[in-house]
Q: 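Below is a structure I'd like to ask you about.
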Amino acid sequence: MFLNPLKPPVRGLWPTLCLALAGLCTSAGLAQAMSVTVLQADDQPAHAEFVRQLQDTQEPGSRFALLRVTAGSTTAVAAAAEAGPGAEEDRANAGVRTRSIRPASAVDAITVAVGAGAARVAIDRPGNDPLVLAMLSRLDYESLKAHPALRRADRRVGVLLRDPAMADQLALVDAVLPRKRRLGVVATNESEPLLRELQRAAQGWELQVEYAPDARSLATALKTVLPKSDALMVLPDLIGDDQAATLAVLRAAATAGVPVFGASDGLVRSGGLAAAVSTPALLAKQARTLGQKVAAGTPGGATLVEAATPATVRVNVTVARALGLRVADERELTERVTAAR
């Protein structure tokens, strides 16, 4: 029996198919019609690259506006006007590119704040556009959680952390040092949110945690934790974000013959063994997807928090050789870590 191509499918299937197609069209329309306003409060290279990537990957028919803001102020110090037909050609010298001058409605407009300074400005601004706070450290987010404006009933909020989740970082340690389960950590009093995340992810691991409330106590904490550890994890906290403290950790670990892991290229360049890192390009892509999720959500709901998706693994082959370790190349380790997700 031949089916008539003009005859509707089996009863019940045709309405379902129509609804599915309508959903696809709606999703595509959301991506194309999305209006993105970016708030930037500093010129950090990673933040600037994130903004460029977000700008260069706009969907056709979308609108992009960059506002320079002053941290601690709710007023934009530089704003973008609507661009005419020649704006695309001038984008290399302009702070803003607009691909469409179609007015954006509140439904298809999102605001993306880049970094902690811009995030503080964004949550104090009037309006109820869906809000994405991007390129924040976990501790940045923890400091903002109690802000009343972040819990407004009429606003949807997403948070994109700049560092990969602890589970991804543990997957890297496991890929480099299989069957090694003693992981050392030197933490500060402000590190508790990071430690709680690490403890939840570290089922089957033996964590060795020491605290260093100040710079003077760092050496003592390292002397205690290093002999009991197969590897040391540098957290993105007051130690991991301070160059002098990080170098002190790397020197002590090198002397003890203990490999150091973290979540930044800088750590690996300075003497760490390996790090699972994201990139501004991937973070920009993730921020756009998160923005669409937030825009489709319900106002007054819980803040949607996502850790960075690790894009690649960095390895210091000189350090690996000095420690007598045979480590897989970066591409293979990247595949292992991303597969573990």
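Values in this document were obtained by computation on a predicted structure and should not be read as measured data.
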Q: Is the shortest heavy-atom distance from the side chain of Leu172 to the side chain of Val313 under 4.5 Å?
A: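 Yes, at least one pair of side-chain atoms sits under 4.5 Å.
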
Q: Testing the 3.5 Å rule here: is there a donor-acceptor pair between the side chains of Gln208 and Glu210?
A: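 Result is no, nothing qualifies.
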
Q: Which value, rounded to the nearest 0.5 Å, describes the distance between Leu267 atom CG and Asn316 atom CG?
A: 9.5 Å

Q: Tell me whether Val186 is reachable from Leu195 by hopping between hydrophobic residues (I, L, V, M, F, W, Y) whose side-chain heavy atoms are closer than 4.5 Å.
A: no

Q: Looking at Asp265, is its backbone amide N or carbonyl O close enough to the side chain of Arg314 to form a donor-acceptor pair, meaning the two atoms are under 3.5 Å apart?
A: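 No, the answer is negative, given that no donor and acceptor are paired below the 3.5 Å cut-off.
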
Q: Shared ILVMFWY cluster between Val185 and Tyr211, side chains joined below 4.5 angstrom?
A: yes

Q: Asp168 and Val337: which non-hydrogen atoms are nearest, and at how many Å?
A: O-CG1, 3.9 Å

Q: Could you please spell out the steps behind the salt bridge (charged side-chain N to carboxylate O under 4.0 Å, His left out) verdict for Arg179 and Asp230?
A: CA-CA 10 Å; Arg179 296 180 295 278; Asp230 299 315; over 6 Å; no

Q: Show me the donor-acceptor pairs, under 3.5 Å and distance only, between side chains in residues 272-286 and residues at least two apart or in other chains.
A:
from   : atom 1 : to     : atom 2 : distance (Å)
Ser278 : OG     : Thr309 : O      : 3.2
Thr279 : OG1    : Leu282 : N      : 3.2
Gln286 : OE1    : Thr309 : N      : 3.0
Gln286 : OE1    : Thr309 : OG1    : 3.4
Gln286 : NE2    : Glu306 : OE1    : 3.2
Gln286 : NE2    : Ala307 : O      : 2.8

Q: Would a 4.5 Å heavy-atom cut-off, applied to side chains only, mark Gln243 and Thr246 as touching?
A: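 Not in contact.
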
Q: Could you report the tightest heavy-atom contact between Arg138 and Pro193, atom names first, then the distance?
A: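 Scanning both residues completely, I find the closest heavy atoms to be CG-CB, 4.3 Å.
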
Q: Hey, quick one: are Leu222 and Leu198 part of the same hydrophobic cluster, counting side-chain heavy atoms closer than 4.5 Å, chains of contacts allowed?
A: no

Q: Restricting to non-hydrogen atoms, name the atom on Pro130 and the atom on Val294 that form the minimum distance, rounded to 0.1 Å.
A: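 Heavy-atom minimum between the residues: CB-CG1, 3.8 Å.
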
Q: Please test Asp129 against Thr37 for side chain to side chain contact (heavy atoms under 4.5 Å, CB included), starting from the C-alpha separation and ending with a verdict.
A: CA-CA 10 Å; Asp129 286 356; Thr37 299; 5.6 Å; no

Q: With rounding to the nearest 0.5 angstrom, report the CG to OG distance, Asp241 to Ser137.
A: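 If we round to the nearest 0.5 Å, Asp241:CG and Ser137:OG are 6.5 Å apart.
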
Q: Rounded to the nearest 0.5 Å, how far apart are CD of Glu197 and CG of Leu170?
A: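 Taking CD in Glu197 and CG in Leu170, the distance rounds to 9.5 Å.
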
Q: Measure across Pro236 and Leu194 and return the closest heavy-atom pair with its distance rounded to 0.1 Å.
A: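 Pro236 and Leu194 have their closest heavy atoms at O-CD1, 3.8 Å.
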
Q: Any chance you could lay out the side chain to side chain contact (heavy atoms under 4.5 Å, CB included) test for Thr111 and Arg125, step after step, and finish with the verdict?
A: CA-CA 11 Å; Thr111 297; Arg125 294 178 81 219; 4.2 Å; yes

Q: Report yes or no: do Leu250 and Val258 belong to one cluster of Ile/Leu/Val/Met/Phe/Trp/Tyr joined by side chain heavy-atom distances under 4.5 Å?
A: yes

Q: Please list, chain by chain and in numerical order, all residues satisfying side chain to side chain contact (heavy atoms under 4.5 Å, CB included) with Pro227, sequence neighbours excluded.
A: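 Checked Pro227 against side chain to side chain contact (heavy atoms under 4.5 Å, CB included); zero matches.
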
Q: Through direct or indirect side-chain contacts below 4.5 angstrom among Ile, Leu, Val, Met, Phe, Trp and Tyr, which residues connect to Leu131?
A: Ile123, Leu133, Leu136, Tyr141, Leu144, Leu150, Val157, Val159, Leu161, Val305

Q: State plainly whether one hydrophobic cluster holds both Leu238 and Leu235, where clusters connect Ile, Leu, Val, Met, Phe, Trp and Tyr through side-chain heavy atoms under 4.5 angstrom apart.
A: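 No.
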
Q: I'd like to check Gln40 versus Leu66 (side-chain heavy atoms, cut-off strictly below 4.5 Å). Are they in contact?
A: yes

Q: CG/Asp42 to CE/Met135 distance, rounded to the nearest 0.5 angstrom?
A: 9.5 Å

Q: Hey, are the side chains of Val249 and Leu232 touching, using non-hydrogen atoms and a 4.5 Å cut-off?
A: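 When only atoms from C-beta onward are counted, Leu232 and Val249 do touch, with a gap below 4.5 Å.
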
Q: Does either side chain, that of Gln58 or that of Arg63, offer a donor lying less than 3.5 Å from an acceptor on the other one?
A: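 No pair is found: no donor N or O on one side chain lies under 3.5 Å from an acceptor on the other.
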
Q: Measuring only between side-chain heavy atoms, which start at C-beta, is Val36 closer than 4.5 Å to Leu54?
A: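 Touching, per the 4.5 Å side-chain cut-off.
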
Q: Would you mind reporting whether Asp214 and Thr188 have side-chain heavy atoms less than 4.5 Å apart?
A: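 No - every pair of side-chain heavy atoms lies 4.5 Å or more apart.
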
Q: How long is the span from the OG atom in Ser191 to the CG atom in Leu139, to the nearest 0.5 Å?
A: 6.5 Å

Q: Using salt bridge (charged side-chain N to carboxylate O under 4.0 Å, His left out) as the criterion, point out the one residue from Arg156, Arg151, Arg152 that pairs with Asp154.
A: Arg152

Q: State plainly whether the residues Arg181 and Asp174 are in salt-bridge range, i.e. N to O under 4.0 Å.
A: yes

Q: Would you mind reporting whether Asp124 and His147 have side-chain heavy atoms less than 4.5 Å apart?
A: yes

Q: Can you check whether Ala46's main-chain N or O pairs, donor with acceptor, with Arg162's side chain at less than 3.5 Å?
A: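 Between the backbone of Ala46 and the side chain of Arg162 there is no qualifying donor-acceptor contact (under 3.5 Å).
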
Q: Search all heavy atoms of Gly184 against all heavy atoms of Val225 and return the closest pair with its distance.
A: CA-CG2, 3.8 Å

Q: Run the side chain to side chain contact (heavy atoms under 4.5 Å, CB included) check on Leu183 and Glu206 step by step: do they pass?
A: CA-CA 6 Å; Leu183 184 65; Glu206 184 180 343; over 6 Å; no

Q: Can you see which heavy atom on Val327 is nearest to which on Ala320, and at what distance?
A: CG2-CB, 3.9 Å

Q: Do the charged groups of Asp140 and Arg120 touch, with an N to O distance under 4.0 Å?
A: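 No, no charged N to carboxylate O under 4.0 Å.
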
Q: Starting from the C-alpha separation in whole Å, work towards a yes-or-no answer on side chain to side chain contact (heavy atoms under 4.5 Å, CB included) for Phe261 and Val234.
A: CA-CA 6 Å; Phe261 294 80; Val234 174; over 6 Å; no

Q: How long is the span from the CD atom in Glu142 to the CD atom in Glu190, to the nearest 0.5 Å?
A: 12.0 Å

Q: Between Asp329 and Leu333, is any pair of side-chain heavy atoms under 4.5 Å apart?
A: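 SC-SC contact between Asp329 and Leu333 ruled out.
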
